[in-house]
Amino acid sequence: MSTYESDFLRTLESRGFIHQVSDAAGLDALAKRNEIVAYVGYDCTAPSLHVGHLISIMMLHWLQQTGNKPIALMGGGTTRVGDPSGRDETRKLLTYEQIDANKNSIKRVFSNFLAFGEGRGDAVMADNAEWLTTLNYIEMLREVGRHFSINRMLTMDSVRLRLEREQELSFIEFNYMILQSYDFVELARRYGCNLQMGGSDQWGNIVNGIDLGRRMGTHQLYALTCPLLTTASGAKMGKTAAGAVWLDGAMLSPYDYWQFWRNTEDGDVVPFLKLFTLLPLAEIDRLAALGGAEINEAKKILATEATALVHGRAAAEQAAETARKTFEEGALAATLPTVEVGRAELDKGLGVLVAFAEKTGLVASNGEARRQVKAGGLRVNDVAVTDEKMQLGPKDLTADGVIKLSLGKKKHVLLKAV
């Protein structure tokens with residue numbers, strides 16, 4: 001039995017999104033009247049968001065689906081400072097041009113999850129550069145800074161943990177929580193925003209924003225955080241040996257994205273179906289009852305549904321079919337990720353370590369490639385590589401003009417001669 005009456009909070013609770021809520025009864029009453037205007041902030045530190053951001057994007061999606069208004073806030077201003085939360089060292093400061101380029105690239109993913117427009121429940125995309133970059137420093141200190149206690153700021157996890165580990169925290173980072181708090185106030189004034197959502201590591205920053213709003217005379221503000229996800233084996237969600245799992249198809253192909261979800265650990269399948277797909281809970285309950293080898297069918301459904309949300313249904317189904325042909329039929333699917341290599345380079349001989357590490361990125365380094373050769377983990381055209389000095393050449397090209405490189409059973413890239 002849900003502890004909530006509103007569709008929004010009942011949905012989040014039943015799917016596993018809720019970690020902490022400030023004044024749950026007050027927020028539930030707002031949601032019941034479809035009066036929530038909520039935001040999540042996204043700093044523009046890379047050209048794409050990654051799977052770690054997906055849980056908060058899904059929260060915005062369900063917010064809108066249950067009759068409330070979402071705001072996706074681009075951190076064009078806060079990215080110039082850098083969020084110290086959960087980090088051991090200062091973020092590299094990007095140029096304003098890099099930030100703007102990242103911001104424009106990131107915006108594309110939201111259209112897959114939110115309906116933007118001018119209507120009451122339509123989503124809004126805002127950018128905190130609009131107000132943060134015009135602030136006068138003295139005015140900021142007088143109007144905003146005076147409401148912050150250094151004593152309290154030092155107790156915040158993002159600050160306290162860095163200091164306890166005797167790792168440097170720059171003054172510019174120390175200001176980040178003030179700017180984030182001010183964002184909440186500014187969005188409250190401009191859009192009637194009354195809720196900030198984010199990961200559980202943002203709780204302190206969000207509560208600071210609620211307190212600042214009270215001191216600066218806004219309406220009542222609320223906080224809602226989701227759990228920071230780890231996999232069943234304890235690894236951080238969205239991180240792989242190859243790096244971040246990007247949402248932009250130009251940085252990670254739809255096929256590789258599908259494979260990431262297909263490789264989900266057994267214990268994570270049901271929670272991930274609830275968090276990262278739109279499947280009805282009754283259907284997820286049916287999949288949860290599958291056992292043994294049937295769990296692989298649930299993983300394929302998870303992979304296809306999660307990929308469809310980010311890359312579209314057609315790309316998701318093509319990725320699923322590519323995987324089926326590759327693994328179940330042993331066929332060489334033309335839709336596998338492809339990397340072009342000059343025919344002249346092949347004619348001279350391309351070292352197998354270079355092919356796996358530098359050309360395709362299937363492994364992180366030549367050293368890792370050597371270790372995989374010794375372990376029997378690398379294959380060329382489905383034949384195990386036994387000699388790390390092996391040279392790839394025209395003799396290795398299939399009738400389709402490609403060389404299939406494989407890491408283990410599930411990662412494949414085609415080298416195409418051009």
Side-chain angles (χ1 to χ4, degrees), residues 39-58 60-61 70-87 89-117 122-135 170 172-173 175-180 182-184 186-187 190-191 196-199 202 205 238-240 242-257 260 307 309-312 315 337-340 358-361 364:
Y39 93 93
V40 178
Y42 302 91
D43 278 344
C44 312
T45 53
S48 169
L49 299 179
H50 54 72
V51 162
H53 295 107
L54 203 51
I55 187 168
S56 64
I57 297 174
M58 293 299 292
L60 288 175
H61 169 83
I71 301 173
L73 179 66
M74 296 292 99
T78 41
T79 307
R80 301 184 184 191
V81 172
D83 183 1
S85 299
R87 296 185 64 84
E89 57 188 24
T90 302
R91 289 183 188 271
K92 178 185 174 186
L93 289 180
L94 304 178
T95 66
Y96 295 171
E97 291 75 21
Q98 287 173 314
I99 292 170
D100 286 340
N102 288 346
K103 179 173 62 182
N104 292 330
S105 178
I106 283 170
K107 285 179 179 179
R108 292 193 293 266
V109 74
F110 289 96
S111 61
N112 299 324
F113 296 88
L114 303 174
F116 290 89
D122 288 337
V124 169
M125 183 165 285
D127 183 355
N128 61 21
E130 188 177 334
W131 53 85
L132 294 182
T133 57
T134 60
L135 284 173
S170 69
I172 191 171
E173 290 177 291
N175 279 270
Y176 187 92
M177 69 177 76
I178 297 177
L179 298 182
Q180 183 174 334
Y182 185 68
D183 281 345
F184 203 173
E186 196 67 33
L187 289 170
R190 292 175 181 235
Y191 300 100
Q196 183 181 171
M197 302 189 293
Q202 293 295 319
N205 289 341
K239 293 290 186 181
T240 68
V245 180
W246 301 108
L247 303 184
D248 190 321
M251 296 177 70
L252 186 76
S253 72
Y255 174 79
D256 286 333
Y257 190 79
F260 166 77
T307 303
L309 277 175
V310 173
H311 296 293
T338 302
V339 174
E340 294 182 345
E358 297 176 24
K359 294 294 183 183
T360 65

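By convention here, the first residue in the shown sequence is residue 1.
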Taking OH in Tyr191 as the centre, count heavy atoms belonging to other residues, nucleotides or ligands within less than 6.0 Å. Is the count above 12?
yes

Scanning both residues in full, the closest heavy-atom pair of Leu247 with Ser48 reads N-OG, 3.3 Å

Taking the side chain as every heavy atom from C-beta outward, state whether Val109 and Trp246 have any atom pair closer than 4.5 Å.
no

What are the two closest non-hydrogen atoms of Leu54 and Phe113, and how far apart are they?
CD1-CZ, 3.7 Å

Pair Tyr42 and Phe110, ring centroids less than 6.0 Å apart
yes

May I ask you to test the Gln180-Gln202 pair for a side-chain heavy-atom distance under 4.5 Å?
yes

Contact check, side chains of Leu309 and Met58, non-hydrogen atoms, under 4.5 Å
yes

Donor-acceptor contact present, side-chain Thr134 to main-chain Trp131, <3.5 Å
yes

List the residues meeting salt bridge (Lys or Arg N to Asp or Glu O under 4.0 Å) with Lys103, not counting sequence neighbours, and say none if there are none.
Asp100, Asp127

Distance from Asn102 atom CG to Glu97 atom CD, nearest 0.5 Å?
11.5 Å

With a 3.5 Å distance limit and no angle check, can you tell me whether Asn128 reaches the backbone of Leu73 through a side-chain donor-acceptor pair?
no

Under the rule for side-chain contact (heavy atoms from CB on, under 4.5 Å), what residues qualify as partners of Ile55, not counting sequence neighbours?
Phe17, Cys226, Leu229, Leu275, Phe276

Given side chain to side chain contact (heavy atoms under 4.5 Å, CB included), test Leu132 with Asp183 step by step and report yes or no.
CA-CA 8 Å; Leu132 294 182; Asp183 281 345; 3.7 Å; yes

Check whether any side-chain N or O of Asn205 sits under 3.5 Å from a backbone N or O of Met177 as a donor-acceptor pair, and report yes or no.
no

Smallest heavy-atom separation, Pro254 atom then Thr307 atom, equals O-CG2, 4.0 Å

Trace of the side chain to side chain contact (heavy atoms under 4.5 Å, CB included) decision for Thr45 with Thr79
CA-CA 7 Å; Thr45 53; Thr79 307; 4.0 Å; yes

Residues Phe260, Leu252; criterion side chain to side chain contact (heavy atoms under 4.5 Å, CB included); working and verdict
CA-CA 10 Å; Phe260 166 77; Leu252 186 76; 5.6 Å; no

CE of Met74 to CG of Asn104: how many Å apart, nearest 0.5 Å?
10.5 Å

Which heavy atom in Met197 sits nearest to a heavy atom in Val40, and how many Å separate them?
O-CG2, 3.6 Å

Taken to the nearest 0.5 Å, the spacing of Glu186 CD from Leu179 CG works out to 12.0 Å

Could you walk me through whether Arg108 and Ser105 pass side-chain hydrogen bond (donor to acceptor under 3.5 Å, both in side chains), step by step?
CA-CA 6 Å; Arg108 292 193 293 266; Ser105 178; 3.3 Å; yes

Shortest non-hydrogen contact from Ala46 toward Ile106
O-CD1, 3.4 Å

Shortest non-hydrogen pair, Cys44 vs Gly76, comes out as SG-N, 4.2 Å

dist Thr78:OG1 -> Asp43:CG (nearest 0.5 Å) comes out at 4.0 Å

